[in-house]
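Remarks on the structure that follows.
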Amino acid sequence: MNKIHRIKCGNGNCYIIENENTGVLVDTGKMEYLDKVTDACRQYNTRLIILTHAHFDHAENAAAISKALAIPIAMSEKDIDLIKQNSAQKLFAETFFGKIVLSVSLKDFSSRPISEFNPDILLKDGDCLTDYGIDARIVSLSGHTEGSIGVDVEKRDLIVGDALMNMFYPTVSMLYHDKGKMLASAEKIGEMGKRTIYFGHGRPLANRLWIQKNRNNQLHNNIKNT
């Protein structure tokens, strides 16, 4: 059975998925946590870095850890533009807390450029991690960024990056590049059923229906179209 180890990095999380013989690192944290994350990787014979998306708080240490451990970096091709410039995909927020987080994030985007790297592996929806000894697959969760992905481990645990957030309270992503895609991804997660959700920010929680469908509107539309 695969185990998930949470590495708390300030208000963010990295995770190592391990099966006693090998490990996969999901996200790399901010540079001030480089030693903490690298040391954790060494404990579990980590062979791969996966980035749920390329914002600096998830990818800032990717190049350094990849070099230190001589392991590849995997991510979605749709987020490559964020490596050079985190503001390449414009972000939006609607809630009070979301606007606060957005303001802080935009300042960090301009002051904390990521050490550039070229991803070794480009991931897409449905890709399996069996070559790295892990029973898991990649799930496309576009919306927070175009290339946001998650990792579904044994259909039991789901690492979602920032497709959902638990920074102040559990919710759909408070920041999004594409609201429609973000909501669709949140709905997709809810429909995956019984899972423990591992957030990019906040403690893990049981999965739930993150989008409540308005049945009254659906009924109205059905009557209107008859």
Side-chain angles (χ1 to χ4, degrees), residues 1-20 22-30 33 36-41 43-44 46 48-55 57-62 65 74-76 95 97-98 101 105 123 125 128-129 132-145 148-176 182-212:
M1 178 182 292
N2 296 309
K3 298 179 181 178
I4 297 180
H5 303 275
R6 178 188 178 196
I7 309 170
K8 294 180 67 175
C9 299
N11 70 354
N13 300 312
C14 305
Y15 298 98
I16 293 179
I17 310 167
E18 63 94 7
N19 69 353
E20 297 183 356
T22 188
V24 170
L25 174 66
V26 182
D27 290 338
T28 66
K30 299 177 183 178
Y33 300 100
K36 180 178 183 179
V37 178
T38 304
D39 289 345
C41 288
Q43 292 180 43
Y44 300 107
T46 300
L48 176 69
I49 298 167
I50 293 176
L51 300 177
T52 61
H53 60 293
H55 284 153
D57 53 331
H58 296 256
E60 195 167 30
N61 293 323
I65 295 175
M75 60 180 286
S76 169
T95 66
F97 287 119
V101 175
S105 297
L123 297 171
D125 189 65
C128 294
L129 302 180
Y132 296 90
I134 302 297
D135 181 9
R137 68 180 181 90
I138 301 301
V139 181
S140 175
L141 297 174
S142 180
H144 177 69
T145 66
S148 287
I149 57 174
V151 185
D152 188 23
V153 183
E154 295 182 333
K155 297 183 179 180
R156 182 190 70 238
D157 301 310
L158 182 63
I159 302 173
V160 299
D162 285 354
L164 300 171
M165 290 184 176
N166 191 20
M167 190 178 297
F168 303 102
Y169 48 84
T171 181
V172 301
S173 185
M174 292 185 292
L175 309 181
Y176 51 83
M182 179 272 291
L183 293 175
S185 291
E187 184 175 2
K188 178 180 181 179
I189 293 169
E191 291 175 348
M192 291 176 72
K194 189 176 181 180
R195 300 283 195 284
T196 298
I197 302 298
Y198 291 84
F199 303 87
H201 302 275
R203 63 183 180 88
L205 291 173
N207 196 18
R208 63 184 68 175
L209 293 179
W210 300 94
I211 303 297
Q212 299 297 326

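Looking at residues two or more places apart in sequence or on another chain, you find a salt bridge (charged side-chain N to carboxylate O under 4.0 Å, His left out) between Arg156 and Glu154. Remark: Tyr176 engages no residue in a ring pair (Phe, Tyr, Trp, His ring centres under 6.0 Å) (not counting sequence neighbours). Residues forming a side-chain contact (heavy atoms from CB on, under 4.5 Å) with Arg203 (at least two apart in sequence, or on another chain): Arg6, Asn166, Leu205.
Summarising the geometry of Ala40 relative to Ile7, their closest heavy-atom pair is CB-CD1, 3.6 Å, with the distance given to 0.1 Å. Closest heavy-atom contact between Ser173 and Met182: O-CE, 3.7 Å. For Gly190 against Leu209, the heavy-atom pair with the smallest separation is O-CD2, 3.7 Å. Nearest heavy atoms, Ala186 versus Val172: CB-CG1, 3.6 Å.
To the nearest 0.5 Å, the span separating CG on Leu158 from CG on Asp152 amounts to 5.5 Å. Taking SG of Cys41 as the start and CG of Asn61 as the end, the distance is 9.5 Å to the nearest 0.5 Å. Here the straight-line distance linking atom CD of Glu20 with atom CE of Met1 works out to 10.5 Å at 0.5 Å rounding. Ile4 CD1 to Ile17 CD1: the interatomic distance, rounded to the nearest 0.5 Å, is 5.5 Å. Remark: Ser105 OG to Met174 CE distance equals 9.0 Å, nearest 0.5 Å. A distance of 10.0 Å separates OG1 in Thr52 from OH in Tyr15, rounded to the nearest 0.5 Å.
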Side chain to side chain contact (heavy atoms under 4.5 Å, CB included) for Lys188 and Val139? Distances and angles first, verdict last.
CA-CA 10 Å; Lys188 178 180 181 179; Val139 181; 3.6 Å; yes

Could you go through Leu25 and Ile65, starting from their C-alpha distance and side-chain angles, then the distance that decides it, and tell me whether this counts as side chain to side chain contact (heavy atoms under 4.5 Å, CB included)?
CA-CA 10 Å; Leu25 174 66; Ile65 295 175; 4.0 Å; yes

Might you work through the side chain to side chain contact (heavy atoms under 4.5 Å, CB included) test for Val26 and Cys14, ending with a clear yes or no?
CA-CA 6 Å; Val26 182; Cys14 305; over 6 Å; no

For a side-chain hydrogen bond (donor to acceptor under 3.5 Å, both in side chains) check, start with the C-alpha distance between Asp57 and His201, then their side-chain angles and the critical distance, and finish with the verdict.
CA-CA 10 Å; Asp57 53 331; His201 302 275; 3.2 Å; yes

Would Glu18 and Asn2 count as a side chain to side chain contact (heavy atoms under 4.5 Å, CB included) if you check the C-alpha gap in whole Å, the side-chain angles of each, and the deciding distance to 0.1 Å?
CA-CA 5 Å; Glu18 63 94 7; Asn2 296 309; over 6 Å; no

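Taking 4.5 Å as the limit, some side-chain heavy atom of Leu123 sits within range of a side-chain heavy atom of Ile50.
With hydrogens and angles ignored, the 3.5 Å screen pairs no side-chain donor or acceptor of Asn13 with any backbone N or O of Lys8. Tyr198 places no side-chain N or O within donor-acceptor distance of the main-chain N or O of Asp157, the cut-off being under 3.5 Å. In this structure, the side chain of Asp27 does not engage the main chain of Leu51 through any donor-acceptor pair within 3.5 Å. A donor-acceptor pair under 3.5 Å links the side-chain atoms of Asn19 to the main chain of Gly133, judged by distance alone. Within the 3.5 Å criterion, the main-chain N or O of Met165 finds no donor-acceptor partner in the side chain of Asp162. At distances below 3.5 Å, not a single donor-acceptor pair connects side-chain atoms of Lys30 with backbone N or O atoms of Ala59. Put simply, the side chain of Asn207 gets close to the backbone of Ile189: a donor and an acceptor are under 3.5 Å apart. Looking at Ser185, its side chain does come within 3.5 Å of a backbone N or O of Ser142 through a donor-acceptor pair.
Checked for salt-bridge contact, Asp135 and Lys155 miss the test: no charged N lies under 4.0 Å from a carboxylate O.
A distance of 6.0 Å or more separates the ring centres of His144 and His58. For His5 and Tyr44, the ring centers sit closer than 6.0 Å to each other.
Exactly one residue among Val151, Ile149, Asp125, Val160 makes a side chain to side chain contact (heavy atoms under 4.5 Å, CB included) with Leu141. That residue is Val160.
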